[in-house]
2 protein chains.
Amino acid sequence: MPQTSIREVAKRAGVSVGTVSNVLNRPDLVAEATRDRVRAAIEELGFVRNESARRLRRGPERTAGEFGDQPRRAFGVVVEDLTNPYATDVARGAEAALNASGHDALWLSSDYSAAKERRSLELLEEQRAAGVLIIPVDLSARDISGLRTAGMSVVLIDRHTPDVCSAQVDHVAGGEIAAAHLLGIGRERIAFVTGVPEPEPCVERRDGASRTITEAGSAKPATLIQDAMSPTEGQAAAHQLLELSPRPDGVFCANDLLAIGLINELTRLGIRVPEDIAVIGYDDIELAASAAVPLTTIRQPRRELGWEAAELAMAELGEGKSHQHRQVVLRPELVIRESA
Amino acid sequence: MPQTSIREVAKRAGVSVGTVSNVLNRPDLVAEATRDRVRAAIEELGFVRNESARRLRRGPERTAGEFGDQPRRAFGVVVEDLTNPYATDVARGAEAALNASGHDALWLSSDYSAAKERRSLELLEEQRAAGVLIIPVDLSARDISGLRTAGMSVVLIDRHTPDVCSAQVDHVAGGEIAAAHLLGIGRERIAFVTGVPEPEPCVERRDGASRTITEAGSAKPATLIQDAMSPTEGQAAAHQLLELSPRPDGVFCANDLLAIGLINELTRLGIRVPEDIAVIGYDDIELAASAAVPLTTIRQPRRELGWEAAELAMAELGEGKSHQHRQVVLRPELVIRESA
DNA sequence: AGCGTAGCTTGAAACGATTCACGATCTTCG
DNA sequence: CGAAGATCGTGAATCGTTTCAAGCTACGCT
């Protein structure tokens, strides 16, 4: 007895399969007595509708917005690293938007691997998810158009190409703001700390910062490249930093985790932050405010970013053919605390 | 034209549908020339197999371990909070084990809400996932048996009941170890900091610690309950702590995030850690080692925990009827750094 | 030539739900 | 009393895939 099907429920309740289906999908079409009988049968048999069959029959989800109940759909949220608070915040924003509209979010992580990324997309495609929100690691146009022909909406986060919807933060501006702040508090020898693989947005931050700095007439910033963007690597960066000559008096870290590790180690080595070296992070994760030296940082509107991305995805789904790809760009914001 | 189906591919390649299916599933049965022709047709048409139909036909996945290619399946990993490094580490451990066996992980978050938790389970059930690994918020036996009859394997993480597989850490022991350490370094007035909603495991840690302390003849520890288990709340706890009289000289925090926030705030208020107040955390998250005051803590083998859970789930799936529920219990470990 | 075999291919029968054109009853009202 | 609606139910057709018994060739062997 492989599975309880609608047919057995029908037999048990003494009705036809069509009626059971109606109880499931349009209960108002069924007389109360019958409905109860069917429900009881469902209960007793522990019946669960086979979503595969349902979807097979239904085909590409109807244009939504029909009368009555919304078609609850699943969207995939693919991020590079579920351990990174930045990524999880973005994803939570997306999930919130999705939930608010009665949809669901499935999280997948690509772990910075193009292969895992591709596999995740495949999985979503096989499951016939409604759409994907993705912080891409290495997405080709081909992958995307594949998804598209499978009828899924695709939204890029933190990256963009003309023929897909995307939501991103203006990282160049973020870099500029950070550099301008460092310059503004009188720092002249600025270093940049980042990690490999260096995500596109970090490159942009770096470019923005670099330009601002050289345009202001200061020396091109030294760049310290670590193995990852974690606090541990930030610690390591502290030592490298002190070996630089001339020793920098301002540091711009590609993310807060690096900054926190860096500051902690610097403090332990007797260097005062911000007096000796000012440090500015990027992201404004929760920990930034309650760090030993509260971190000055660039806040990304991450929840909003995820939220916007989800809105785009849902819109794309609703609009069908007439859809015009949109690119949302949010602006980051300087949060001044104590580290710079 | 709703979707490219196997039939159109067949027509285009001039073969029967059965052959196309074979190319997809058992390529070795098909002559090379035909195979190439079919593959070309697939390519040209941008065909993607409709997973719903496939699954509908296949029915409950065969007992795996068949000849040839493994049936790649998706497992759901439901955690309470994807923002919590503890949870994500466990989930990553699970994902690693799953991937190692050629399966996939879908992450869902319940956000501490029983409703979302239930919804997540429903979703997984509808998608006919192979199994669920869950850190439960509020799971009734009924929910579980529902999942079970739907043919999914269920593994509880960090909680247990006799009739389900589970993997957990011995939290009582963890509490005992922490308390014993605090006692061992001469602390006498110990406080416990936790947050609501207080997960079962935290209660166990507290119990273990309490017992050890009272059995050693010290006063029952004061308990500070915060609104959450975050660094921000740890900060708040610092102030409450100082108002206690007698002022504690040792604190056991329910997790590292609380401990880090607490220590940072204490330091800012001029209290020395560990000299004035020793603080011990729980979890050993990455940040613990690189915190301003490197944190002494109880390490949970989180990756292993997730890994074991995944192994259990996969085993359950493979064993079918003959399955015996197993409960894996891992032992936590004291990591001495500087905060206590 | 006759026969067995191996290697490919075929095509119809599932899988389990949804849909929809039709009946079957029951009301209501002229 | 009879006809026109309402209101409910029915059950066959259908979605796209996999499965599998059966058919077809070509080949080797006696």
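Side-chain atoms of B/R54 and base atoms of D/dT17 include no donor and acceptor less than 3.5 Å apart. Remark: the B/R57 side chain and the D/dT17 base include no donor-acceptor N/O pair separated by less than 3.5 Å.
Nucleic acid contact class of A/R26 (heavy atoms, under 4.0 Å, all strands): sugar-phosphate only. Within the 4.0 angstrom heavy-atom criterion, only backbone atoms of the sugar-phosphate kind lie near B/V30; the bases stay farther away. Backbone-only contact: B/T34 has heavy atoms under 4.0 Å from sugar-phosphate atoms and none from a base.
Side-chain proximity of B/R58 to C/dT19, D/dT17, D/dT19: nearest is D/dT19. Distances were taken from every side-chain heavy atom of A/V17 (C-beta onward) to each of C/dG11, C/dT18, C/dG16; the shortest belongs to C/dT18. Of the candidate nucleotides D/dG11, C/dA17, D/dG16, D/dG16 has the atom lying nearest to any side-chain atom of B/S5. Here the side chain of B/N50 is nearest to one of D/dG16, D/dG9, C/dA17, namely D/dG16.
Take the nearest nucleotide of DNA chain C for B/S16 and for A/L24: the residue whose nucleotide is more 5' is B/S16. Nearest-nucleotide positions on DNA chain D place A/G18 closer to the 5' end than the other of B/I6 and A/G18.
Note on B/S21: every side-chain N or O is 4.0 Å or more away from OP1 and OP2 of D/dT17.
Atom-to-atom, CG of B/N22 to C1' of D/dT18 comes out at 9 Å; the value is rounded to the nearest Å. Atom NZ of B/K11 and atom P of C/dT10 are 15 Å apart (whole Å). Atom-to-atom, CZ of B/R49 to P of D/dT19 comes out at 10 Å; the value is rounded to the nearest Å. Taking atom CZ on A/R7 and atom C1' on D/dG11, their separation rounds to 10 Å, with Å as the unit. The CZ atom of B/F47 sits 8 Å away from the C1' atom of D/dT17 (whole-angstrom rounding). For the pair B/D28 CG and C/dG7 P, the interatomic distance rounds to 11 Å; values are reported in whole Å. Residue B/R55 contributes atom CZ, which lies 14 Å from atom P of D/dT17 at whole-angstrom precision. Put simply, CZ on A/R37 is 9 Å from P on D/dT10, counting in whole angstrom units.
Counting heavy atoms from C-beta outward, B/S113 and B/R118 have side chains that stay 4.5 Å or more apart. By the 4.5 Å heavy-atom criterion applied to side chains, A/W107 and B/V79 are not counted as neighbours. Residues B/L108 and B/L124 have side chains in contact (heavy-atom distance under 4.5 Å, counting atoms from C-beta outward).
Partner of B/H160 under the side chain to side chain donor-acceptor pair (under 3.5 Å) criterion, out of B/Q327, B/H325, B/E200, B/Q168: B/Q168 alone.
B/E117 places a side-chain N or O within donor-acceptor distance of the main-chain N or O of B/V137, the cut-off being under 3.5 Å.
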